[in-house]
Amino acid sequence: MTTTSPTAPPVETSRSVPQRVRDLVARVTGDEKHDPSAHSTLDVVWTLYDQVLRVDPARPDAPDRDRFLLSKGHGPASTYAVLAAQGFFPTTWLDDVASFDSPLGHHPDRTLVPGIEIGSGSLGHGLPLAVGLALGLRGRSPARVVVLVGDAELDEGSNAEAIQVAGRFGLANLTCVVVDNHSDSLGWPGGIASRFALEGWSAAEVRTHDQPRLTAALRHAEADRPTVVVVDTTPAPTGNPDPTSKEAA
């Protein structure tokens, strides 16, 4: 089930992502209908790999690595570009996405692509998988689990259950990043962050172009509960440049 609006709003990005990475994203072609899904995640994915996650391209399966789960697997171009820029695989792979011999598909495959943790793209699967992974790692590994979902994915019932379970179990090693393109069909009364906070999550809201706040929010973790970071990617209203840079307890 896909629950997206017929026309996706424009997305806003910062200039904090190096031009060389933007050029790598542009090399991924053939699935332009999902460009907004892919490009709206670029700031978050680059910040995670550049500033936050403990990962090693030379040891992509290290037992205590942090795990990044791309639930928005129907738009993997930005993630592919960042992984290539970080040295997980050759940049030449980006020029041949979805060809017969290419390991890179329009949906990522964890068995083929170094650095990819789950096969994804069907909406509503990433957060439940992340909850199970965080639960399995808790007490056994210092690894964090970070899952990136789209706002439209939260229309899926599986996510409502995952939000509840993570809060009840106090999964402090779990962070959910919601890339909010305002493309959901159903919405959440009071906003996305308040829905998570109601279930016991630590919740923050930032705009995608606000690099210092974005980095701080993605690094934040609490000792007894999971964290959600809602990243608004749509252009700010005139006269109100940063309405979402706040925290919700």
Side-chain angles (χ1 to χ4, degrees), residues 41 44-73 79 82-83 86 88 108-111 113-150 153-154 156-179 192-206 214-231 247-249:
T41 67
V44 169
V45 177
W46 174 252
T47 301
L48 283 169
Y49 277 91
D50 187 54
Q51 301 287 334
V52 179
L53 297 175
R54 295 182 307 106
V55 292
D56 181 357
R59 301 175 64 234
D61 296 322
D64 288 337
R65 71 191 182 280
D66 289 339
R67 272 72 164 180
F68 172 67
L69 278 59
L70 178 68
S71 188
K72 284 187 64 168
T79 299
V82 171
L83 288 174
Q86 293 288 335
F88 281 86
D109 186 333
R110 67 172 300 277
T111 68
V113 186
I116 292 294
E117 297 286 353
I118 58 171
S120 60
S122 181
L123 302 188
H125 291 175
L127 183 53
L129 287 169
V131 170
L133 183 56
L135 187 60
L137 290 169
R138 185 171 66 174
R140 299 178 176 88
S141 170
R144 291 181 64 191
V145 178
V146 180
V147 57
L148 188 154
V149 308
E153 289 192 75
L154 297 181
E156 304 288 348
S158 55
N159 283 305
E161 295 178 4
I163 294 167
Q164 291 175 316
V165 169
R168 300 301 189 276
F169 285 173
L171 295 179
N173 58 341
L174 174 63
T175 296
C176 179
V177 184
V178 182
V179 174
I192 294 172
S194 64
R195 174 66 179 87
F196 281 79
L198 181 67
E199 300 294 349
W201 291 59
S202 170
E205 298 178 272
V206 299
L214 178 61
T215 302
L218 294 175
R219 287 176 173 169
H220 179 78
E222 299 195 9
D224 59 352
R225 56 179 178 164
T227 298
V228 64
V229 181
V230 181
V231 183
E247 292 188 355

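- Using a 4.5 Å cut-off on side-chain heavy atoms (C-beta onward), Y49 and L83 make contact.
- If you take CG on L69 and OG1 on T79, they are separated by 11.0 Å, rounding to the nearest 0.5 Å.
- Side-chain contact between C176 and V149 is present, with heavy atoms from C-beta onward closer than 4.5 Å.
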For side chain to side chain contact (heavy atoms under 4.5 Å, CB included), just list the numbers for R65 and R59, CA-CA rounded to whole Å, side-chain angles, deciding distance to a tenth of an Å, and then say yes or no. CA-CA 9 Å; R65 71 191 182 280; R59 301 175 64 234; over 6 Å; no

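- Under 4.0 Å is where a charged nitrogen must lie from a carboxylate oxygen, and between R144 and D66 no such pair does.
- For the pair V228 and W201, the tightest heavy-atom approach, listed with the atom from each and the gap, is N-CE3, 3.7 Å.
- Of the inter-residue distances, the one linking R67 atom CZ with T175 atom OG1 reads 14.5 Å to the nearest 0.5 angstrom.
- Partner of E205 under the side-chain contact (heavy atoms from CB on, under 4.5 Å) criterion, chosen from V178, V230, V231: V230.
- Annotation for G73 and P108: closest pair O-CD, 3.2 Å, computed over non-hydrogen atoms.
- For the pair N173 (side chain) and A134 (backbone), a donor-acceptor distance under 3.5 Å is present.
- With rounding to the nearest 0.5 Å, the separation of CG in L214 from CG in L218 is 4.5 Å.
- For the atom pair H220 NE2 and T215 OG1, the distance stands at 14.5 Å (nearest 0.5 Å).
- Closest approach of A143 and D64 over heavy atoms only: CB-O, 3.8 Å.
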Checking side chain to side chain contact (heavy atoms under 4.5 Å, CB included) for the pair F169/V131: CA distance, chi angles, key distance, verdict? CA-CA 9 Å; F169 285 173; V131 170; 5.5 Å; no

D109 and I116: side chain to side chain contact (heavy atoms under 4.5 Å, CB included), yes or no, with the steps? CA-CA 7 Å; D109 186 333; I116 292 294; over 6 Å; no

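- Once rounded to the nearest 0.5 Å, the distance linking CG of D56 with CD of Q86 reads 10.5 Å.
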Side chain to side chain contact (heavy atoms under 4.5 Å, CB included) for F68 and V45? Distances and angles first, verdict last. CA-CA 9 Å; F68 172 67; V45 177; 4.1 Å; yes

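- Using a 4.5 Å heavy-atom threshold, the side chains of P128 and N159 count as touching.
- Distance alone, capped at 3.5 Å, places no donor-acceptor pair between the R110 side chain and the I118 backbone.
- Applying the side-chain contact (heavy atoms from CB on, under 4.5 Å) test between V177 and each of V146, T227, T41 identifies V146 as the sole match.
- The main-chain N or O of G150 is found under 3.5 Å from a side-chain atom of E153 such that the two form a donor-acceptor pair.
- Within the 4.5 Å cutoff, no side-chain heavy atoms of L129 are placed close to those of L133.
- In the model, S202 has a side-chain atom that pairs as donor or acceptor with a side-chain atom of E222 under 3.5 Å.
- Taking each heavy atom of S71 and S120 in turn, the nearest pair found is O-CB, 4.0 Å.
- For the pairing with R219, the side-chain contact (heavy atoms from CB on, under 4.5 Å) check across L48, V229, V52, T47 returns one residue only, V52.
- Residues A217 and A204 share a closest heavy-atom pair of CB-CB, 4.5 Å.
- In this structure, the side chains of P114 and P57 stay at 4.5 Å or more apart for every pair of heavy atoms.
- In this structure, E161 CD and E156 CD are separated by 11.5 Å, a value rounded to the nearest 0.5 Å.
- Scanning all heavy atoms of the two residues, the minimum distance from A197 to A203 falls at CB-CB, 4.3 Å.
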